[in-house]
Amino acid sequence: MTAQFDRIALIGIGLIGSSIAHDIKRLGLAKEVVIATRSADTLKRAEELQLGDRYKTSSAEAVKDADLVVVSVPVGASESVAKEIASSLKPGAIVTDVGSTKASVIAQMQPHMPPHVHFIPGHPLAGTEKSGPDAGFPGLFEGRWCIFTPISGTDETALKRLRQFWEALGSKVDEMDPEHHDKVLAIVSHLPHIIAYNIVGTADDLEAVTESEVIKYSASGFRDFTRLAASDPTMWRDVCLHNKDAILEMLARFSEDLAYLQRAIRWGEGDKIFDLFTRTRAIRRSIIKAGQDVDAPDFGRPHPLEKKA
Ligand code: NAP
């Protein structure tokens with residue numbers, strides 16, 4: 001593949017930043033990649049992993065002469081990064097981010113963006129519960145959606161170039177307004193994480209069941225929540241604080257629906273329970289049909305006898 005950009009600057013080199021770096025290298029999407037992260041330790045690790053060509057602890061220095069700047073830091077750090085890079089951005093540069101919330105990131109970054117750059121907020125819907133530069137891997141974005149929430153009046157050529165970049169990484173690109181993005185993500189991603197953090201916290205607090213029992217019998221269902229609940233605390237604290245309204249709205253809906261289920265269980269209303277569980281089972285089938293998961297039992301985890309077969 002020919003290089004799409006002469007110089008790409010990656011600000012933040014955790015799971016998402018390093019996965020992008022792997023793909024840029026694998027696919028030859030840039031002539032040069034400059035990496036910046038705030039801590040010397042993370043930067044050293046990025047260098048050991050050979051994720052880029054040059055390494056900086058100053059984001060302002062890293063973005064100099066970059067045609068594309070990708071900001072991959074916790075959403076609460078967006079404003080400080082925008083302030084730091086603003087005066088060093090090259091005229092005509094595309095500046096994008098990967099933050100899990102969009103209205104807040106726009107509010108934090110846009111006021112600092114000079115008029116001569118194209119700021120296009122984005123969010124790849126791909127990830128794992130791991131963090132840091134070692135967590136990234138090539139192909140993370142393959143077959144996954146990347147949502148842009150462009151500001152009105154955004155240059156079409158810049159949008160097309162960024163779309164081509166994400167498509168080269170294997171993503172399918174969609175556009176929506178930031179408030180809508182935040183509502184959709186509140187239900188498909190933020191609420192499930194909050195519920196998982198909460199269930200795992202509740203189990204941890206239970207006095208009648210010992211910690212060793214929770215762990216010993218975890219494969220009964222609990223284990224699947226622990227993957228989400230092991231996600232990065234800084235990232236998810238920021239998501240909660242920066243998508244507050246949409247999350248609170250979804251939590252209110254969730255609490256009402258939980259009360260309905262609770263009541264059905266209390267009064268032995270088996271039909272209501274059965275109908276709900278039948279409806280939800282169909283959702284899982286739709287996800288598999290849409291290619292967003294594999295049609296293997298237990299999320300494709302290998303089982304002892306299957307391995308032998
Ligand atoms: P990560 O693995 O924890 O990496 C975070 C990076 O940001 C590191 O380079 C870290 O630098 C830097 N950073 C942390 N706090 C900072 C601060 N206050 N100021 C400046 N830099 C800071 O995180 P990630 O999973 O890649 O997530 C990055 C962004 O992607 C987040 O906005 C998240 O919402 C979004 N996202 C995540 C996922 C996911 O599944 N993880 C999926 C889609 C989008 P040091 O190590 O040098 O401190």
Side-chain angles (χ1 to χ4, degrees), residues 11-12 14-16 70-83 86 95-113 119-129 131 144-154 159 162 166 171-202 225 227-262 276 279-280 283 287 292:
I11 311 301
L15 166 71
I16 301 295
V70 186
V71 177
S72 311
V73 300
V75 290
S78 306
E79 182 166 26
S80 63
V81 169
K83 272 188 192 164
V95 179
T96 190
D97 78 302
V98 298
S100 305
T101 72
K102 294 276 55 94
S104 158
V105 167
I106 293 171
Q108 292 180 69
M109 293 187 74
Q110 201 193 358
H112 303 286
M113 290 295 110
F119 171 50
I120 307 174
H123 178 203
L125 306 192
T128 73
E129 68 280 21
S131 51
R144 301 280 170 237
W145 286 101
C146 182
I147 301 177
F148 294 170
T149 58
I151 289 139
S152 70
T154 298
L159 258 177
L162 190 62
W166 280 103
S171 288
K172 300 174 282 184
V173 176
D174 234 346
E175 285 181 24
M176 57 179 76
D177 74 65
E179 287 73 25
H180 188 67
H181 165 279
D182 289 354
K183 272 206 176 132
V184 172
L185 268 292
I187 189 67
V188 300
S189 170
H190 307 169
L191 200 62
H193 278 83
I194 290 167
I195 292 167
Y197 280 121
N198 198 54
I199 286 188
V200 176
T202 302
F225 284 101
R227 185 187 78 76
L228 294 182
S231 301
D232 189 71
T234 305
M235 169 186 159
W236 283 98
R237 175 204 61 197
D238 281 13
V239 168
C240 289
L241 298 178
H242 289 268
N243 196 21
K244 179 176 154 181
D245 294 343
I247 288 174
L248 289 177
E249 189 184 324
M250 294 308 163
L251 271 174
R253 290 284 296 264
F254 173 79
S255 305
E256 274 177 32
D257 292 344
L258 189 62
Y260 171 88
L261 184 58
Q262 194 174 353
L276 173 67
R279 196 151 55 89
T280 57
I283 300 270
I287 290 170
Q292 294 298 304

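Around the NZ atom of Lys244, the shell of radius 6.0 Å holds no more than 12 heavy atoms that belong to other residues, nucleotides or ligands. By the 6.0 Å contact criterion, CZ on Phe148 is enclosed, its count of non-hydrogen atoms from other residues, nucleotides or ligands being greater than 12.
The distance from the CD atom of Gln262 to the OG atom of Ser255 is 10.5 Å, given to the nearest 0.5 Å. Atoms OG and CG, from Ser100 and Leu185 in turn, are 7.0 Å apart once rounded to the nearest 0.5 Å. Note: Asn198 CG to Phe225 CZ = 10.5 Å, rounded to the nearest 0.5 Å. Residue Ile195 holds its CD1 atom at 3.5 Å from CZ of Phe254, rounded to the nearest 0.5 Å. Atom CG of Leu241 sits about 8.5 Å away from atom CD1 of Ile247, to the nearest 0.5 Å. Note: Ile106 CD1 to Thr149 OG1 = 4.0 Å, rounded to the nearest 0.5 Å.
A donor atom on one side chain and an acceptor atom on the other are found under 3.5 Å apart for Ser104 and His242.
Scanning all heavy atoms of the two residues, the minimum distance from Pro150 to Pro121 falls at CA-CD, 4.3 Å. In this structure, Gly76 and Asp238 approach most closely via the heavy-atom pair N-OD2, 2.8 Å. For the residue pair Gly99 and Val75, the shortest heavy atom distance occurs at CA-CG1, 3.6 Å. Here the closest heavy-atom approach between residue Asp232 and residue Tyr197 is recorded as O-OH, 3.9 Å. Closest heavy-atom contact between His181 and Met176: CA-SD, 3.5 Å. Taking both residues in full, the closest heavy atoms of Ile16 and Ala126 are given as CD1-O, 3.5 Å, listed atom of the first, atom of the second, then distance.
Not a single donor-acceptor pair under 3.5 Å links the side chain of Glu249 to the backbone N or O of Lys183. In this structure, the side chain of Thr96 engages the main chain of Ile120 through a donor-acceptor pair within 3.5 Å. Side-chain atoms of Lys172 do not come within 3.5 Å of backbone N or O of Cys146 as any donor-acceptor pair.
Evaluated for a side chain to side chain contact (heavy atoms under 4.5 Å, CB included) with Asp97, the options Val73, Val81, Val71 yield exactly one hit, Val71. Among the candidates Asp182, Leu251, Asn243, Val184, the single residue satisfying the side chain to side chain contact (heavy atoms under 4.5 Å, CB included) test with His190 is Asn243.
Between Val105 and Thr101 there is a side-chain heavy-atom pair separated by less than 4.5 Å.
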Could you give me the CA-CA distance, side-chain angles and deciding distance for Ile194 and Met250, then say whether side chain to side chain contact (heavy atoms under 4.5 Å, CB included) is met?
CA-CA 11 Å; Ile194 290 167; Met250 294 308 163; over 6 Å; no

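Using cut-offs of 30° and 60° on the angle between ring planes, the pair His193 and Trp236 is parallel.
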